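Here the structure is laid out as structure tokens; the discussion comes afterwards.
Every value quoted in this text rests on a predicted model; they were computed, and no experiment measured them.
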Amino acid sequence: MRYKITVEYDGTNLVGWQRQKDGPSAQAFLEDAIYGFSHQRTDVFAAGRTDAGVHALGQVAHFDLDMDLSEFKMRESLNALLRELQAPVAVINAEKVGEDFHARFSAKGRGYIYRILNRRGPSPLRTNRVWLVSYNLDVAAMQKGAQYLLGNHDFSSFRGAGCQALSPVKTLDKLDIERQGEEIIFTVEARS
């Protein structure tokens, strides 16, 4: 049985999505929770991987299991064990899907939100949620420059050294930048 889950997590103390030897990850917590109630080891595949410190509001993932549980029972079982593990991860939805579904390859798009706190003093209430930039930023200039990034381009200069993508040519569908009080919000959408 293949299960699709939607998760959210606080990535502050995680090494990212992917299981790694040097620290806790969202994937490791989920795989350990699945094992905790099923006694089956399985890989959890995500639509995309996040880096260390990055949070997720609606990360889609899937896994296969030799158990047929209701969607309610799957979500509740995972969340109960995630709480026991004191994981900063929660399953907000679980559903059964066909074997042709793959979280990464079935994804139609990805969305990201970046927040800059644009003021002199830091915000203890928004620690690990915003990037503090203490000098005044020109949002109009940022909006104008963002237009050059929209569409299909070679994004080689933005790739990490170990990037596994076959091509640096990607399509950026949306890059909205707006000021909301002291915050500047970047909303980014792309197919990959």
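Gln27 contributes a side-chain N or O that, together with a main-chain N or O of Val44, makes up a donor-acceptor pair within less than 3.5 Å. Of the possible donor and acceptor atoms, one in the side chain of Gln40 sits under 3.5 Å from a partner among the backbone N and O of Asp66. At least one donor-acceptor pair closer than 3.5 Å links the side chain of His55 to the backbone N or O of Asn128. Using a distance-only test at 3.5 Å, with no hydrogens or angles considered, no donor-acceptor pair links the side chain of Asn118 to the main chain of Glu183. The closest donor-acceptor contact from the side chain of Thr127 to the backbone of Pro124 lies under 3.5 Å. In this structure, Arg75 contributes its side chain and Leu78 its backbone to no donor-acceptor pair below 3.5 Å.
When all heavy atoms of Glu99 and Arg2 are compared, the closest pair comes out as O-NH1, 2.8 Å. Minimum interatomic distance between Gln20 and Val15 (heavy atoms only, all atoms of both residues): NE2-O, 3.4 Å. Nearest heavy-atom pair, Arg179 versus Ile184, reported as atom, atom and distance to 0.1 Å: NH2-CD1, 3.6 Å.
Partners of Phe63 by ring pair (Phe, Tyr, Trp, His ring centres under 6.0 Å), not counting sequence neighbours, listed by chain and number: Tyr3. Every residue two or more places apart in sequence or in another chain was checked for a ring pair (Phe, Tyr, Trp, His ring centres under 6.0 Å) with Tyr114, and none qualifies. Checked against ring pair (Phe, Tyr, Trp, His ring centres under 6.0 Å), His102 has the following partners two or more places apart in sequence or in another chain: Phe45, His62, Phe105.
With respect to Asp154 and Lys170, no salt bridge is recorded, no charged nitrogen being found less than 4.0 Å from a carboxylate O. A salt bridge links Arg129 and Asp10; the closest N-O separation between the charged side-chain nitrogens and carboxylate oxygens is under 4.0 Å.
Test Asp176, Ile113, Ile116 against Phe186 for side-chain contact (heavy atoms from CB on, under 4.5 Å) and you get one pass: Ile116.
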